[in-house]
Amino acid sequence: MNPSKRITLAIQSKGRLFDDSVSLLKASGLDFRFADGQLRSPVRNYPIDLIRVRNDDIPTLLEKQVVDIGIVGENTLIEKQVCNEGVEVLSKLNFGACELCIAVPEASAYSGPADLDGVRIATSYPNTLADFMRRNSIDYSAVQLSGSIEVAPGAGLADAVCDLVSTGGTLRANGLRAVETIATSEAVLACRRGGLELEQQKSVDRLIDRFNGVKQAQETKYIMLHAPTGAVEDIAAIIPSAETPTVLELSGGSSQVAVHAVCNEPVFWDTMETLRSKGATSILVLPIEKMLE
Ligand code: AMP
């Protein structure tokens with residue numbers, strides 16, 4: 001492999017997105033290992049070199065083409081406003097989901113953005129907040145903090161906060177409630193538009209195919225059961241969003257057949273109980289490890 005055609009992929013060095021980024025890359029067949037304290041690792045079986053950096057730096061590194069592609073929270077791309085500078089999202093990755101919300105103390109009345117007029121808002125996302133406020137013609141003052149935003153109202157530093165929320169637990173624990181969602185986000189694979197050579201683009205497309213295969217495999221299950229021959233149609237109709245099931249004869253002239261199907265959504269216990277009530281037996285639901293269509 002010509003080394004110049006290798007791709008540099010930035011991932012978060014530590015923090016919320018790191019473990020899922022590594023799991024996705026490994027599940028996609030990439031063979032690498034970060035030695036203790038090392039920030040770079042070549043992928044042994046794919047023309048990619050991994051580099052661990054701060055999540056917040058990834059947009060700039062992409063924009064300046066210091067790295068070719070990056071796994072980053074979409075909220076960071078929005079905040080750094082790099083999409084206007086040619087950075088584009090290639091694929092959403094199905095983890096790191098969160099919302100950027102404005103939250104106020106639980107006891108405060110709130111009927112709409114106009115209630116934020118003159119309010120002090122603590123945030124680490126001043127640009128995204130400013131954009132929302134500009135669109136709603138609200139005058140406010142931003143209190144820029146880099147962490148522990150939720151404590152600002154209790155400490156008398158601000159009247160409201162604008163922060164990332166996933167479960168809402170941190171807001172509740174600090175006596176706050178979300179009143180506006182100003183952006184939604186998940187981890188994405190991003191690159192600089194036109195920044196890849198043809199050969200690199202092909203490798204990235206192949207990687208995205210694998211990502212999609214991993215995502216699909218996580219969302220799908222393989223179901224196997226035995227069914228009375230006369231009940232196959234009824235039973236197949238209950239299997240959740242199954243492609244055409246495979247029906248196989250059982251040996252020994254049985255009046256039963258085996259039904260196998262890929263389900264494109266989870267199979268819950270109540271679905272299995274309904275299948276059993278229609279005569280299905282030996283119902284097995286299996287995870288799918290990999291999938292390529
Ligand atoms: P970290 O560097 O560990 O703070 O992780 C930052 C990234 O994780 C953010 O830019 C988001 O894309 C993502 N994320 C997902 N849920 C949350 C959350 N509840 N709070 C902060 N970041 C989150």
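Order of appearance sets the numbers: ligands from 1, and atoms from 1 within every ligand.
- Annotation: atom 13 (C) of ligand 1 to nearest protein heavy atom, Leu17 CD2, 4.0 Å.
- Heavy-atom contacts from other residues, nucleotides or ligands closer than 6.0 Å to CD of Glu249 number 12 or fewer.
- Under the 6.0 Å distance and 45° angle rule, Lys92 does not count as a cation-pi partner of Phe211.
- Taking a cut-off of under 4.0 Å to the non-hydrogen atoms of Gly15, the atoms of ligand 1 that pass are 3 (O).
- When the options Val188, Leu164, Asn75, Ile78 are ranked by their closest heavy atom to atom 12 (O) of ligand 1, first place goes to Asn75.
- For the pair Gln200 (side chain) and Glu197 (backbone), a donor-acceptor distance under 3.5 Å is present.
- The distance from ligand 1 to the heavy atoms of Thr76 drops below 4.0 Å at these ligand atoms: 10 (O).
- For atom 16 (N) of ligand 1, the closest non-hydrogen atom on the protein side is Cys98 CB, 3.4 Å.
- Every atom of ligand 1 with a heavy atom of Gly73 under 4.0 Å away is listed here by number and element: 12 (O).
- Both the sub-6.0 Å distance and the 45° axial angle are satisfied by Arg52 relative to the ring of Phe34.
- There is no side-chain donor-acceptor pair under 3.5 Å between Tyr140 and Asp117.
- Between Asn55 and ligand 1, a contact under 3.5 Å exists for at least one N or O pair.
- Distances between N or O atoms of Arg16 and those of ligand 1 include at least one value under 3.5 Å.
- Side chains of Asp205 and Gln201: a donor-acceptor N/O pair is present below 3.5 angstrom, by distance only.
- Counting only N and O atoms by type, the side chains of Glu79 and Thr128 include a donor and acceptor under 3.5 Å apart.
- Using a 4.0 Å cut-off between heavy atoms, Glu186 makes no contact with ligand 1 at all.
- At a heavy-atom cutoff of 4.0 Å, ligand 1 is contacted by no atom of Thr167, backbone or side chain.
- Distance from atom 5 (O) of ligand 1 to its nearest protein heavy atom, with residue and atom name: Gln12 NE2, 3.2 Å.
- Closest to atom 19 (N) of ligand 1, if we only count protein heavy atoms, is Ser166 OG, 2.8 Å.
- With hydrogens and angles ignored, the 3.5 Å screen pairs no side-chain donor or acceptor of Arg134 with any backbone N or O of Leu129.
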